[in-house]
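Below is one structure, written out as structure tokens; the observations come after it.
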Amino acid sequence: MNRENKLIRAVIVLAGILLAGGFLPVRSGVFADTAEYMACLWEKEETVDSPRKIALTFDDGPHPYYTQQLLDGLKERGARATFFVMGKQAEAYPELVLRMQEEGHLIGNHTYSHVQLNKKNRESFKEELVRTNELLLGITGEEPQYVRPPYGSWDKSFESELMMIPVLWTIDPMDWCSSDVNGIVRKVTKKAEDNAVILMHDEYKSSVTAALEIVDVLQKQGYEFVTVDEILFD
């Protein structure tokens with residue numbers, strides 16, 4: 001992406017946040033932390049010879065079978081990913097959360113029960129984030145810094161209240177509503193670019209199969225699969 005396109009994207013992000021008045025019912029396209037994202041864009045522009053980086057992210061897990069299959073495949077390929085786990089799933093399958101951490105993946109918060117934030121449930125939404133953070137701290141010994149708000153709905157005041165960074169996405173293949181593996185792979189690989197963040201889910205067989213094919217295709221094109229913190233802050 002050239003400098004002009006980056007500037008246009010950054011301006012669009014900033015305008016959207018200003019219009020939203022701090023409350024972000026965003027479904028796709030950008031990171032919610034605009035200041036960090038804009039700074040990241042310009043910093044990346046200066047690194048001409050750096051390898052292309054891309055981030056696979058997975059919501060709603062861990063799943064007792066498909067997440068294990070996904071972790072096996074990522075390990076074989078030397079690829080790292082970011083898992084935004086639900087608290088109730090982490091509570092049921094803590095061994096998979098621990099494996100994610102041990103194998104170098106980043107673990108984020110996706111609320112306890114996949115609740116969507118609205119103007120009437122702010123406090124209960126916050127309680128779900130806190131509860132999930134406490135669960136993950138108990139499993140991994142580390143409190144998550146990153147959150148993927150379900151459906152992209154977010155209140156920026158949570159960033160200072162909970163000291164958490166929201167992460168949205170730039171590529172959404174809608175894998176949760178499709179069993180067409182080839183179609184999912186095409187949607188992602190067609191839109192792939194440096195510093196892209198791919199949204200997927202690790203609770204479906206087709207999604208896991210597609211994710212590993214995406215890794216195979218994009219690694220051959222020279223992409224390195226990294227965790228989202230490397231996209232944001234490296």
Side-chain angles (χ1 to χ4, degrees), residues 24-29 31-32 55-74 79-101 103 105-118 121 124-137 139-140 144-154 158 164-181 183-185 187-188 197-215 225 227-228:
L24 286 175
V26 181
R27 286 197 57 89
S28 66
F31 299 106
L56 260 177
T57 69
F58 297 93
D59 290 4
D60 297 354
H63 184 278
Y65 175 72
Y66 295 127
T67 301
Q68 181 171 305
Q69 184 182 58
L70 175 61
L71 289 170
D72 289 344
L74 293 173
R80 288 177 295 137
T82 301
F83 291 87
F84 292 100
V85 304
M86 287 197 295
K88 67 177 184 179
Q89 295 299 108
E91 195 170 35
Y93 308 107
E95 70 282 358
L96 288 174
V97 175
L98 193 59
R99 181 182 172 186
M100 293 172 187
Q101 181 191 47
E103 295 183 358
H105 305 293
L106 183 65
I107 300 169
N109 189 325
H110 198 47
T111 75
Y112 185 82
S113 64
H114 205 271
V115 63
Q116 182 175 9
L117 175 66
N118 59 53
N121 71 348
S124 59
F125 181 89
K126 180 179 176 181
E127 288 171 5
E128 289 219 0
L129 291 176
V130 171
R131 181 180 181 183
T132 301
N133 272 359
E134 291 173 349
L135 279 168
L136 295 175
L137 175 62
I139 295 169
T140 67
Q145 294 181 314
Y146 300 92
V147 56
R148 165 71 54 73
Y151 308 101
S153 299
W154 183 246
F158 286 140
M164 299 190 75
I165 300 170
V167 180
L168 300 186
W169 52 88
T170 62
I171 300 175
D172 180 4
M174 303 291 286
D175 63 300
W176 60 272
C177 63
S178 174
S179 59
D180 179 6
V181 171
I184 296 169
V185 173
K187 287 178 182 178
V188 173
V197 177
I198 305 163
L199 168 62
M200 298 192 74
H201 302 78
D202 54 332
E203 58 180 328
Y204 307 106
K205 179 180 179 180
S206 54
S207 295
V208 169
T209 302
L212 296 177
E213 289 189 17
I214 288 165
V215 173
F225 283 85
T227 52
V228 292

**CD/Glu91: more than 12 non-hydrogen atoms of other groups inside 6.0 Å** = yes

**Asked** Side chain of Arg148, backbone of Phe84: donor and acceptor closer than 3.5 Å?
**Response** no

**Prompt:** With a 4.5 Å heavy-atom cut-off, do Asp59 and Leu199 have their side chains touching?
**Reply:** yes

**Complete:** Scanning both residues in full, the closest heavy-atom pair of Ala210 with Val185 reads O-CG2, 3.7 Å

**Request:** For Thr227 and Thr82, indicate whether the former's side chain and the latter's backbone hold a donor-acceptor pair under 3.5 Å.
**Result:** no

**Asked** Rounded to the nearest 0.5 Å, what separation is found between the NZ atom of Lys88 and the OG1 atom of Thr111?
**Response** 9.0 Å

**Fill in**
Rounded to the nearest 0.5 angstrom, the CG-OG distance for Asp180 and Ser206 is 9.0 Å

**Asked** Roughly how far, to the nearest 0.5 Å, is the CE atom of Met200 from the CG atom of Asp60?
**Response** 12.5 Å

**Message:** Centroid separation under 6.0 Å, is that true for the rings of Tyr204 and His63?
**Reply:** no

**Prompt:** Which class fits the ring pair Phe83 and His105: parallel under 30°, tilted 30 to 60°, perpendicular over 60°?
**Reply:** perpendicular

**Complete:** CD (Gln145) and CG (Asn133) are apart, to the nearest 0.5 Å, by 10.0 Å

**Message:** Do Glu203 and Phe58 have side chains that approach each other closer than 4.5 Å (heavy atoms only, starting at C-beta)?
**Reply:** no

**Prompt:** So which heavy atom on Leu74 is nearest to which on Leu212, and how close?
**Reply:** N-CD2, 3.8 Å

**Request:** Evaluate the side chain to side chain contact (heavy atoms under 4.5 Å, CB included) criterion for residues His110 and Val147: first the C-alpha distance (whole Å), next the side-chain angles of each, then the deciding distance (0.1 Å), finally the verdict.
**Result:** CA-CA 6 Å; His110 198 47; Val147 56; over 6 Å; no

**Prompt:** Yes or no on side chain to side chain contact (heavy atoms under 4.5 Å, CB included) for Ile198 and Thr170, after CA distance, side-chain angles and deciding distance?
**Reply:** CA-CA 6 Å; Ile198 305 163; Thr170 62; over 6 Å; no

**Item:** Qualifying residues under side chain to side chain contact (heavy atoms under 4.5 Å, CB included), relative to Thr132, sequence neighbours excluded
**Value:** Asn109, Tyr112, Leu136

**Message:** Is it true that, when you exclude Lys126 itself, more than 12 heavy atoms of the residues, nucleotides or ligands shown sit nearer than 6.0 Å to its NZ?
**Reply:** yes

**Asked** Is any side-chain heavy atom of Met100 less than 4.5 Å from a side-chain heavy atom of Val85?
**Response** yes

**Residues Arg99 and Glu95 bridged, charged N to O under 4.0 Å** = no

**Message:** When you compare the side chain of Pro149 with that of Leu117, does any pair of heavy atoms fall below 4.5 Å?
**Reply:** no

**Message:** So which atom in Trp154 and which in Leu129 form the shortest heavy-atom distance, rounded to 0.1 Å?
**Reply:** CZ3-CD1, 4.0 Å

**Minimal non-hydrogen separation, Val97 against Pro62, with atom names** = CG2-CG, 4.1 Å

**Asked** Can you tell me how far the NZ atom of Lys187 sits from the CE atom of Met174, to the nearest 0.5 Å?
**Response** 7.5 Å

**Asked** Gln69 versus Tyr66: any side-chain heavy-atom pair under 4.5 Å?
**Response** yes

**Request:** Give the C-alpha distance, both sets of side-chain angles, the deciding distance and a yes or no for side chain to side chain contact (heavy atoms under 4.5 Å, CB included) between Gln116 and Phe125.
**Result:** CA-CA 8 Å; Gln116 182 175 9; Phe125 181 89; over 6 Å; no

**Asked** Looking only at atom types and distance, does a side-chain atom of Ser207 sit under 3.5 Å from a main-chain N or O of Asp202, one as donor and one as acceptor?
**Response** no

**Asked** Just by modelled atom types, is the Ser124 backbone N or O under 3.5 Å from a matching donor or acceptor in the Asn121 side chain?
**Response** no

**Item:** Under 3.5 Å donor-acceptor, Gln101 side chain and Thr140 backbone
**Value:** yes

**Item:** By side-chain hydrogen bond (donor to acceptor under 3.5 Å, both in side chains) - contacts of Glu128 (at least two apart)
**Value:** Ser113

**Request:** Return the minimal non-hydrogen interatomic distance between Ile107 and Pro144, and the atom names on each side.
**Result:** O-CB, 4.0 Å

**Complete:** Here the pair of heavy atoms bringing Ala55 nearest to Val228 is CB-CG1, 3.9 Å

